[in-house]
Amino acid sequence: MENTPTPQEIKENYEEIFNLLDDLKVKKAQSKINKLLKTNKNDPFLHWLKGYVFLYAGTDNFEDAINSFNRAIEIDPDNTFAWEFKAIALRSIGRYEEAIGCYDKSMELDPLDYSAIYNKALLLERLGKIEEALDFYSLATKIDPSNFLAWDSMANLLESLERFDEVEVCRSKIEKDYSSRIVEKEPLTPDEWVHKGETLEKLGKYLWANQCYDMALKIDQNHQAASDLKYMLLEKHKLDVGAKKGVQRVMPTAHKFEV
């Protein structure tokens, strides 16, 4: 007969497992999960968690992860987490069609599941189903217009098809919805200036990006990320040669980025 843990005991057990994972104590986390499953074998969350650990332990145990997610789904067929993580495991071993089937099931349970919709679009693109992929990228942008990933992926796909007018529309959305939230805030630290520079560079505003990297270097002249990114920007886009003065003195790894 199974034990029936109290809600507090359940919470404490889950917290202990996640704390072990945070500390990268994967084996101990797996041991804890297996011990709990001996007395709580019909807990779908524990089976999901077992699959999650297999998936992210870096041991390539994808089949074991799939089996664990299947068990979670068998116990709780409406478990969207299990369907989505099964899809992740399947796509990791190239079983894209099966992964899409899992995303479809997740969307059946939650039609507004942005993650399932966006990831289905990615897999459709990998399978060469371009128009279907564009449809799902578009659906993802409608569900979450402020998430730049779908806009960016759709823009890249449209660019490969030379549908440049539509690319411009997507890029403008990225600038409006991403740049306005992140770029316009005045940075205070070198890392914040670097982040702003990277964002502006993605938007094609290379001179502004260069100025951001300069600001980061004014605060910390030995800031490696700022100097690396500045050097790559200048080399790639052949900006004003005068702007390169002084870059090399803080570029011990500059040779890695020569073009």
Side-chain angles (χ1 to χ4, degrees), residues 1-127 133 136-137 139-140 143-144 146-150 153:
M1 182 176 177
E2 282 194 32
N3 292 337
T4 304
T6 66
Q8 182 60 32
E9 288 174 332
I10 293 172
K11 179 183 177 183
E12 290 173 357
N13 285 329
Y14 292 161
E15 285 180 350
E16 181 182 349
I17 293 167
F18 282 116
N19 287 335
L20 288 169
L21 292 174
D22 286 342
D23 293 335
L24 301 180
K25 297 176 180 177
V26 176
K27 294 295 184 184
K28 287 187 177 181
Q30 289 176 321
S31 177
K32 178 70 176 179
I33 293 167
N34 290 332
K35 181 179 178 181
L36 290 170
L37 280 170
K38 287 180 181 178
T39 53
N40 302 279
K41 62 183 179 180
N42 289 322
D43 183 337
F45 185 80
L46 279 176
H47 287 284
W48 171 83
L49 194 52
K50 183 177 180 179
Y52 174 88
V53 175
F54 276 132
L55 193 59
Y56 289 103
T59 54
D60 294 333
N61 289 328
F62 296 116
E63 292 294 345
D64 291 324
I66 292 167
N67 290 336
S68 296
F69 297 136
N70 281 339
R71 179 61 181 141
I73 290 167
E74 182 183 337
I75 298 166
D76 178 12
D78 294 340
N79 189 322
T80 55
F81 277 116
W83 284 109
E84 283 204 50
F85 277 82
K86 181 181 175 182
I88 294 171
L90 287 165
R91 79 186 190 201
S92 298
I93 52 178
R95 291 160 62 178
Y96 296 153
E97 294 285 3
E98 293 174 76
I100 287 173
C102 292
Y103 286 129
D104 284 339
K105 182 61 180 180
S106 185
M107 285 185 281
E108 180 185 320
L109 295 168
D110 180 5
L112 299 181
D113 185 343
Y114 173 90
S115 175
I117 293 166
Y118 172 72
N119 282 294
K120 179 177 178 176
L122 287 176
L123 293 183
L124 287 168
E125 183 178 349
R126 290 184 189 179
L127 289 169
F136 277 92
Y137 282 136
L139 179 57
I143 291 172
D144 187 0
S146 65
N147 192 317
F148 85 99
L149 286 174
S153 297

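- Residue Ala99 comes nearest to Leu123 through the heavy atom pair CB-CD1, 3.6 Å, listed as atom of the first residue, atom of the second, then distance.
- Separation of atoms OH (Tyr118) and OG (Ser153) is listed at 3.0 Å; rounding is to 0.5 Å.
- Side chain of His47 to backbone of Lys41: a donor-acceptor contact under 3.5 angstrom is found.
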Handout entry: Step-by-step side chain to side chain contact (heavy atoms under 4.5 Å, CB included) determination, Ile17 to Leu49
Key = CA-CA 9 Å; Ile17 293 167; Leu49 194 52; 3.5 Å; yes

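- Partners of Phe85 by ring-ring contact (aromatic ring centres under 6.0 Å, His included), not counting sequence neighbours, listed by chain and number: Trp48, Tyr52.
- Between Val26 and Gln30, the closest side-chain pair of non-hydrogen atoms falls below 4.5 Å.
- Atom CG of Leu46 is separated from atom CD1 of Ile33 by 7.0 Å, given to the nearest 0.5 angstrom.
- Between Ile117 and Ala140, the shortest heavy-atom distance links the atoms CG2-N, 3.8 Å.
- For residues 83-93, every residue pair satisfying the side chain to side chain donor-acceptor pair (under 3.5 Å) rule, not counting sequence neighbours, is listed here: Asn70-Lys86, Glu84-Ser106, Glu84-Ser115, Arg91-Tyr103, Arg91-Asn119.
- Judged by distance alone, the side chain of Asn61 and the main-chain N or O of Asp64 form no donor-acceptor pair under 3.5 Å.
- Glu12 meets the salt bridge (charged side-chain N to carboxylate O under 4.0 Å, His left out) test with no other residue; sequence neighbours excluded.
- A donor atom on one side chain and an acceptor atom on the other are found under 3.5 Å apart for Ser146 and Asp144.
- For Lys120, the side-chain hydrogen bond (donor to acceptor under 3.5 Å, both in side chains) partners two or more places apart in sequence, or in a different chain, are Asp104.
- Remark: Phe81 CZ is loosely packed, at most 12 non-hydrogen atoms of other residues, nucleotides or ligands lying under 6.0 Å away.
- Considering only heavy atoms from C-beta on, Tyr96 stays 4.5 Å or farther from Leu124 through its side chain.
- Side-chain atoms of Ser31 never come within 3.5 Å of backbone atoms of Lys27 as a donor-acceptor pair (strictly under, hydrogens ignored).
- How far CD of Glu108 is from CG of Asp78: 8.5 Å, rounded to the nearest 0.5 Å.
- Applying the salt bridge (charged side-chain N to carboxylate O under 4.0 Å, His left out) rule to Arg95 yields the partners Glu63, Glu98; only residues at least two apart in sequence or on another chain are considered.
- With sequence neighbours excluded, the residues that form a side-chain contact (heavy atoms from CB on, under 4.5 Å) with Lys28 are Leu20, Lys25.
- A donor-acceptor contact shorter than 3.5 Å is absent between the side chain of Asp76 and the backbone of Ala72.
- Note that CG of Leu55 and NZ of Lys50 are 14.5 Å apart. Values are rounded to the nearest 0.5 Å.
- Residues Ile75 and Asn42 come closest through the heavy atom pair CG2-O, 3.5 Å.
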Practice task
Run the numbers on Tyr137 and Leu122 for side chain to side chain contact (heavy atoms under 4.5 Å, CB included), then give the verdict.
Solution key: CA-CA 8 Å; Tyr137 282 136; Leu122 287 176; 3.1 Å; yes

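- Summarising the geometry, atom CD1 belonging to Ile143 is positioned 5.0 Å from atom CG belonging to Leu112; distances are rounded to the nearest 0.5 Å.
- Here the straight-line distance linking atom OG of Ser68 with atom CG of Leu37 works out to 8.5 Å at 0.5 Å rounding.
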